[in-house]
Structure formats: structure tokens, C-alpha cells
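Let me begin by presenting the structure, written as C-alpha cells, before commenting on it.
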There are 2 protein chains.
Amino acid sequence: MPTTAETRHDRVFAALASPVRREVLRMLREEGPQPVSSLAGRFAMARPSFSEHLRVLREAGLVSERRAGRQRLYRLEPVPLHEVQEWLGPFERFWRERLAGLRDVLDRMEDTDERDDIS
Amino acid sequence: MPTTAETRHDRVFAALASPVRREVLRMLREEGPQPVSSLAGRFAMARPSFSEHLRVLREAGLVSERRAGRQRLYRLEPVPLHEVQEWLGPFERFWRERLAGLRDVLDRMEDTDERDDIS
DNA sequence: ATGACACGTAGGAAATCTCCTACCTATAGT
DNA sequence: ACTATAGGTAGGAGATTTCCTACGTGTCAT
């Protein structure tokens with residue numbers, strides 16, 4: 001059973017659907033590769049639970065692990081998030097139109113308010 | 001209990017972690033607002049199961065529903081996907097560097113290959 | 001009013017997720 | 001070799017997800 005793009009998207013989006021895992025990604029982005037203990041420190045959770053979150057991120061390809069002595073350095077991997085952005089691409093034109101439309105409506109409402117204020 | 005941005009991201013990403021629901025979003029983007037039967041036709045699934053998927057999309061704010069006679073027109077809503085793109089923003093610079101780095105490595109490998117071919 | 005249609009809710013089974021405690025493995029320092 | 005440290009796996013409880021069948025609600029047509 002090959003890993004289809006569909007399945008990879010499933011895994012990536014599911015991995016992103018947890019504040020803990022999103023925070024891990026943010027830390028790796030802002031502070032660079034880190035060992036598990038450094039990442040885990042921020043979360044009030046037993047270690048094995050945190051290990052499980054790392055496993056989900058690993059299996060989604062969002063992070064990779066490099067062994068260094070008895071530590072394991074986790075590093076952010078760019079490809080899956082880039083694929084998310086590409087998935088988002090076709091929706092961008094759509095929401096530009098809709099949000100522009102909304103902005104027009106709000107602009108007209110402001111105009112009306114101003115006229116109300118003046119009159 | 002207010003709905004934090006964190007919680008909204010949870011719901012949106014969880015909603016996107018299903019091929020059925022992503023396909024619904026694609027249909028609404030490409031074919032515009034549609035009644036449930038039109039959307040459900042493509043899926044080999046009992047109606048109530050499909051209704052459940054629509055509920056998940058609704059509660060994530062990804063779609064909205066408008067009643068029209070005995071049909072309900074579902075429409076794609078732009079805001080949550082736009083928020084996903086904004087969430088992705090800070091990662092973009094990061095992966096540009098990493099992917100550029102990878103491209104450099106590949107370029108150097110190709111150069112080496114060429115030299116090998118020539119020599 | 002009555003039947004048909006569009007769509008939803010109720011409730012339940014099986015799978016999956018997220019947390020836990022207990023235990024295992026590998027490396028580093030003495 | 002022995003102990004401590006870093007981080008994982010095993011297994012289980014409770015909540016959630018995803019599907020189902022059965023049934024309810026509102027709207028249209030006759």
C-alpha cells in the first residue's frame with residue numbers, strides 16, 4: 001500500500017491539530033534543533049506522552065531526529081508544511097475575492113455611518 | 001469559556017485531516033455553493049455519516065449553510081483557511097532557506113555528475 | 001391533509017487518540 | 001562494571017472519531 005499524497009495530507013493536518021505539537025514546531029522554528037528534554041520542559045505532561053507527540057510529528061515528516069550521544073536532536077523539516085501551503089494555493093484566489101467583497105461591504109457600511117453622523 | 005485562536009486552529013486542522021472533508025472544500029471552491037445531495041453524491045457513505053462531516057466543517061467555520069426551500073446550500077467560507085495561511089507565514093522564511101540549501105546541494109551533485117560525465 | 005423529499009439527530013459499535021504508570025535500551029561518567 | 005541520564009516502548013483507561021441503522025423535522029406537491 002503506497003503512501004499517497006492524500007494520506008500524507010491526512011497525517012500532516014492531523015499532526016497540526018494539537019496545540020502541543022504546533023508549539024513544538026514553533027519552538028523548533030524559532031530556537032533551532034533541540035534535544036527532547038529542552039522541548040518537553042515547557043509542557044506539563046509525562047514524558048512518554050510527549051514522546052508520543054514527537055512520534056506523530058515524525059510520522060508526518062514534520063520533524064526529523066538525529067542521535068547525538070544519548071540525546072536526540074529534533075529538527076523542523078520544511079517539506080510537509082510547504083506541501084500544506086501548496087494545497088492552500090488554489091483557495092487563495094477564492095478567498096481574496098470573498099474577503100475583498102466583505103471589505104467592500106464594510107466600507108459601504110462605514111460610509112453610511114459617516115453620512116448618519118453628518119446628517 | 002471563550003473560543004481562543006488556539007482552539008479554532010485545532011478545529012480547522014482537525015477538519016482538514018480527512019480526505020472526504022478536503023474534497024468537499026475543493027468541490028465548493030471549484031463548483032460554488034451546492035445543496036447537500038449534490039455534494040454527497042460523490043461519496044460511498046450513508047447520508048448521516050456525510051452530515052456529520054458537514055457538521056465538522058461547519059463548526060470549524062470552513063463552510064456556512066443557507067436554507068433554501070427544503071435544500072440547504074453549503075458555501076465555502078474564506079476566513080479559516082486564510083488564518084491557516086497566516087499561521088504558516090512564519091514558517092515560510094524558514095523553509096525557503098532549507099529548501100534553497102537542499103537545492104544548492106542537489107545543484108552541486110549535478111555539477112559533480114557532469115564533471116564525471118566529462119572526465 | 002397526505003405523501004414524498006431533503007436533511008438532520010439519536011444512539012451504538014469499532015477504531016483511534018491522548019494521557020497515564022511501569023519498564024526497557026543505549027550512552028556517558030566514574 | 002556500576003550508576004545515572006536521555007528517551008523510548010508496553011499496555012491500559014477514558015474520551016473522541018467515524019461509520020452505521022432507525023427515526024424525527026421541515027418543506028413542497030397533490
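Every value quoted in this text rests on a predicted model; they were computed, and no experiment measured them.
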| Within residues 26-34 of chain A, residues whose heavy atoms come under 4.0 Å of DNA chain D | none

| query | Under a 4.0 Å N-O cut-off, is there an ion pair linking E23(A) with R42(A)? | reply | yes

| task | Starting at atom CD of E59(A), determine the distance to atom P of dT18(C), rounded to an integer number of angstrom. | result | 12 Å

| Tell me the salt bridge (charged side-chain N to carboxylate O under 4.0 Å, His left out) pairs involving residues 73-82 of chain B, sequence neighbours left out? | R98(A)-E77(B)

| S37(A): side-chain hydrogen bond (donor to acceptor under 3.5 Å, both in side chains) partners, not counting sequence neighbours | none

| message | Tell me every residue that passes side-chain hydrogen bond (donor to acceptor under 3.5 Å, both in side chains) with S51(B), counting only those two or more places apart in sequence or in another chain. | response | none

| remark: Quick note, side-chain hydrogen bond (donor to acceptor under 3.5 Å, both in side chains) partners involving residues 80-91 of chain A, not counting sequence neighbours, are R8(A)-E83(A), Q85(A)-E92(B)

| field | DNA chain C: 5'-proximal contact among A46(A) and A68(A) (nearest heavy atom) | value | A46(A)

| F43(B) CZ to dC19(D) P: how many Å, rounded? | 11 Å

| message | Suppose we screen for side-chain hydrogen bond (donor to acceptor under 3.5 Å, both in side chains). Which residues come up paired with Q71(B), at least two apart in sequence or across chains? | response | none

| field | By ring-ring contact (aromatic ring centres under 6.0 Å, His included) - contacts of F50(B) (at least two apart) | value | F43(B)

| message | How would you summarise protein contacts on nucleotides 3-16 of chain C per nucleotide, using B for base, S for sugar-phosphate only and - for none, with heavy-atom distances below 4.0 Å? | response | -BBSSBB-------

| message | Does dC19(D) have its OP1 or OP2 closer than 4.0 Å to a side-chain nitrogen or oxygen of H53(B)? | response | yes

| field | Which residues share a side-chain hydrogen bond (donor to acceptor under 3.5 Å, both in side chains) with R21(A), sequence neighbours left out | value | H53(A)

